[in-house]
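Working notes for the structure below.
Chain A is the first sequence line, chain B the second, and so forth, proteins listed ahead of strands; every chain is numbered from 1.
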Amino acid sequence: QKEVEQNSGPLSVPEGAIASLNCTYSDRGSQSFFWYRQYSGKSPELIMSIYSNGDKEDGRFTAQLNKASQYVSLLIRDSQPSDSATYLCAVKSRERGSTLGRLYFGRGTQLTVWP
Amino acid sequence: DAGITQSPRHKVTETGTPVTLRCHQTENHRYMYWYRQDPGHGLRLIHYSYGVKDTDKGEVSDGYSVSRSKTEDFLLTLESATSSQTSVYFCAISESSARPPYEQYFGPGTRLTVT
């Protein structure tokens, strides 16, 4: 069973601060990593994907990947109350003997940004 | 929701009755997935499809069956619903699984209650 672990939170930050969300994974062969945002009662929404070591920036979001440490993180700069949601980390791994892959999800970190 | 609809959006049914959930996509994506989401467990894969009439099991497939007779439709059937199948069910689609892009996009979800 491939594991994806996230800090359960909840994480609470003031408006304008940097929110840091962390994720570790067990399958060293994983190649693709994703962050989803899920508002209460809604479906997961893809916000970032990252495939290579290093940082990837998209607006206020930065995804960081370190394959050697099996660690991926999401930074949210200038946090806004509208960022309050649960953030899901997902890792794509291949089943043994298959060319297909599937996503394994962490349980999510609940973020609250207070005004 | 990336051209994905799910029906019904809410359903209450009794133990022992059959239930079918439908996922419809307009993106012509090859891959379709059914997940369930429960508190404390996160998103778990039930079944997935990699083409018309091509399906495979996920990690929590017991008690569920699927069918895909057209590219755009993926049906999830609970043959005899049990209270443990009370959950929120999400359909997802992706263009590819064996090579990039791997991103999965989620439908709005179906809240199923088995009494």
Between the OH atom in Y33(B) and the CG atom in L103(A), the distance rounded to the nearest 0.5 Å is 7.0 Å

State the CZ-CZ distance between R44(B) and R107(A), to the nearest 0.5 angstrom. 9.0 Å

How close do R102(A) and E59(B) get, heavy atom to heavy atom, and via which atoms? NH2-OE2, 3.0 Å

Is it the backbone or the side chain of E45(A) that comes under 4.5 Å from a heavy atom of chain B, or both, or neither? neither

Using the rule that two of Ile, Leu, Val, Met, Phe, Trp, Tyr join whenever any of their side-chain heavy atoms come within less than 4.5 Å, decide whether L75(B) and L21(B) are in one cluster. no

Which distance, rounded to the nearest 0.5 Å, do you find between the CZ of F106(B) and the OH of Y36(A)? 5.0 Å

Hey, which residues of residues 64-72 of chain B are touching chain A, say heavy atoms under 4.5 Å apart? none

State whether the side chain of S43(A) and the backbone N or O of G109(B) hold a donor-acceptor pair below 3.5 Å, judged by distance alone. no

When only heavy atoms count and the cut-off is under 4.5 Å, which of residues 108-115 of chain A reach chain B? none

Can you tell me how far the CD atom of Q37(B) sits from the OG1 atom of T86(A), to the nearest 0.5 Å? 8.5 Å

Which atoms form the tightest heavy-atom contact between Q104(B) and L46(A), and what is the distance? O-CB, 4.5 Å

Count I, L, V, M, F, W, Y as connected when their side-chain heavy atoms are under 4.5 Å apart, and connections chain through other members. Are Y105(B) and Y51(A) then in the same cluster? yes

Between G42(B), P39(B), G58(B), G40(B), who has the most heavy-atom pairs with chain A when the cutoff is under 4.5 Å? G40(B)

Applying a strict under-4.5 Å side-chain criterion to I, L, V, M, F, W and Y, I'd like to know whether L65(A) and L75(A) cluster together. no

For R60(A), look at atom CZ and say whether over 12 heavy atoms of other residues, nucleotides or ligands are found less than 6.0 Å away. yes

Correct closest heavy-atom pair for F34(A) and E103(B) would be CE2-CG, 3.7 Å

